[in-house]
Amino acid sequence: MTDIETGTEHLLARVEDGVAVLTLNRPERRNALSTPMLTALGTTLARVEADDAVGAVVLTGAGGAFCAGGDVKGFAERSPGAPGASAERVQRANQRATSGRLWRMAKPTVAVLPGATAGAGLSLALACDLRYAASSAVLTTAFARVALAGDYGSAWFLVRLVGPARARELLYLSPRLSADDALRLGLVNAVLPPEALDGEALAVARRLAHGPRAALASMKENVALALTAPLDEYMDVEVTHHLATFATADHAEAARAFVEKREPVFGTGAGGGRTGGP
């Protein structure tokens with residue numbers, strides 16, 4: 001295991017068995033977002049995306065919560081009125097560096113939700129490819145409750161996960177969803193006992209980290225493109241990706257393993273260039 005220096009106690013990070021585990025760490029505020037946390041999250045995501053030792057990214061929270069979103073107590077303490085143009089530029093950059101990067105990076109991303117997941121915290125979770133929740137977790141958009149429109153991609157992700165009608169309901173009415181409610185809506189992939197959450201979610205992340213990386217990266221791009229592109233355009237890109245993965249060492253290893261009736265052992269390079277163990 002290797003610790004990553006993030007520059008702040010508000011974000012902890014480590015790389016373990018090919019998985020970068022990033023932990024939002026303000027448990028006394030249910031991991032509400034802070035400027036140091038957001039800055040560190042953006043720079044750390046960029047770092048692990050570029051690191052060939054990292055095959056998957058896990059985002060979670062400390063102290064029994066995932067993230068309560070923006071720091072509402074801090075909102076109440078600031079001067080009234082809209083933030084200035086500089087604040088808008090900073091938030092735009094922060095959003096692209098965090099939820100935007102989680103969505104588009106060419107590595108699988110997994111959100112692990114041990115508890116409260118609200119507002120921009122929910123947006124960050126929805127930006128990930130997979131979400132695993134403890135049975136005690138509660139999810140809510142929360143924005144309407146504090147008279148804000150929503151940020152960090154909230155409506156964009158919700159529309160794609162649950163459709164526009166349900167997204168409007170979740171945003172306008174801000175219901176508190178149990179983990180089972182979120183599972184029924186398709187907002188999470190599985191609900192697990194709290195004591196099993198970390199172990200099972202990390203096992204999935206390790207499987208992804210040691211999977212066929214070029215193929216997984218292409219699959220992630222395919223899914224994103226499928227949300228916006230016409231079918232013919234999508235299928236042209238799909239063919240390009242599919243044929244490119246024929247040339248990887250991971251594909252050659254998988255084909256050998258199939259013939260030899262064994263599990264494949266994929267490489268750790270971004271293109272699947274090595275066929276040895278992790």
Trp103 six-ring centre to Arg101 NZ/CZ under 6.0 Å and within 45° of normal: no
Residue of the set His251, Glu253, His210 for which side chain to side chain contact (heavy atoms under 4.5 Å, CB included) holds with Pro264: Glu253
Is it the case that the side chain of Gln95 and the backbone of Tyr152 share a donor-acceptor pair, with hydrogens and angles ignored and the cut-off at 3.5 Å? yes
Answer yes or no: is there a donor N or O on one side and an acceptor on the other, between the side chain of Thr117 and the main chain of Gly115, under 3.5 Å? yes
Does Thr6 use its side chain to pair, donor to acceptor, with the backbone of Leu12 at less than 3.5 Å? no
Looking at Met105, is its backbone amide N or carbonyl O close enough to the side chain of Lys220 to form a donor-acceptor pair, meaning the two atoms are under 3.5 Å apart? yes
Any donor-acceptor pair under 3.5 Å linking the side chain of Asp51 with the backbone of Val48? no
Check: Asn25 side chain, Glu9 main-chain N or O, donor-acceptor pair, under 3.5 Å: yes
Would you indicate whether the side-chain heavy atoms of Glu221 and Ser218 approach each other to under 4.5 Å? no
Reported CZ-to-OG distance for the pair Arg26 and Ser34, which is rounded to 0.5 angstrom: 4.5 Å
With the side chain counted from C-beta on, respond yes when Leu124 and Leu33 share a heavy-atom pair under 4.5 Å apart, and no when they do not. yes
For the residue pair Gln91 and Asp151, confirm or rule out a side-chain donor-acceptor distance under 3.5 Å. yes
Interatomic spacing from CZ in Phe157 to OG in Ser99 - rounded to 0.5 Å: 5.0 Å
Would you say the side chain of Leu59 lies within less than 4.5 Å of the side chain of Val21, judging by non-hydrogen atoms? no
Is there a path of hydrophobic side-chain contacts, each under 4.5 Å between heavy atoms, that joins Phe66 and Leu185? yes
Side-chain (Thr109) to main-chain (Asp129) donor-acceptor, under 3.5 angstrom: yes
Sub-4.5 Å side-chain heavy-atom contact between Tyr132 and Val204: yes
Within the structure provided, determine whether Pro212 and Thr245 are in side-chain contact (heavy-atom separation under 4.5 Å). no
So, Arg176 and Asp181, do they make that salt bridge, N to O below 4.0 Å? no
Arg104 CZ: over 12 foreign heavy atoms closer than 6.0 Å: yes
Quick one: does any side-chain atom of Thr43 pair with a main-chain N or O of Ala40 as donor and acceptor, under 3.5 Å? yes
Taking C-beta and beyond as the side chain, do Met1 and Asp3 meet within less than 4.5 Å on heavy atoms? yes
Got a second to check how far Ser123's OG is from Leu158's CG, nearest 0.5 Å? 7.0 Å
Glu5 (side chain) donor-acceptor with Gly7 (main chain) under 3.5 angstrom: yes
Does any non-hydrogen side-chain atom of Leu177 lie less than 4.5 Å from one of Leu170? yes
Inter-residue atom distance Asn94.CG - Met37.CE, 0.5 Å rounding: 12.0 Å
Looking only at side-chain N and O atoms, does Ser174 offer a donor or acceptor that is under 3.5 Å from a partner on Thr140? yes
Here's a test for you: under side chain to side chain contact (heavy atoms under 4.5 Å, CB included), which of Leu11, Leu38, Thr60 qualifies with Leu24? Leu11
side-chain hydrogen bond (donor to acceptor under 3.5 Å, both in side chains) between His10 and Asn31, intermediate numbers included: CA-CA 8 Å; His10 290 185; Asn31 305 318; over 6 Å; no
Please tell me if the side chains of Val57 and Val54 come closer than 4.5 Å, counting only heavy atoms from C-beta onward. yes
When you measure from the side chain of Asn189 to the backbone of Arg131, do you find a donor-acceptor pair of N or O atoms at a distance under 3.5 Å? yes
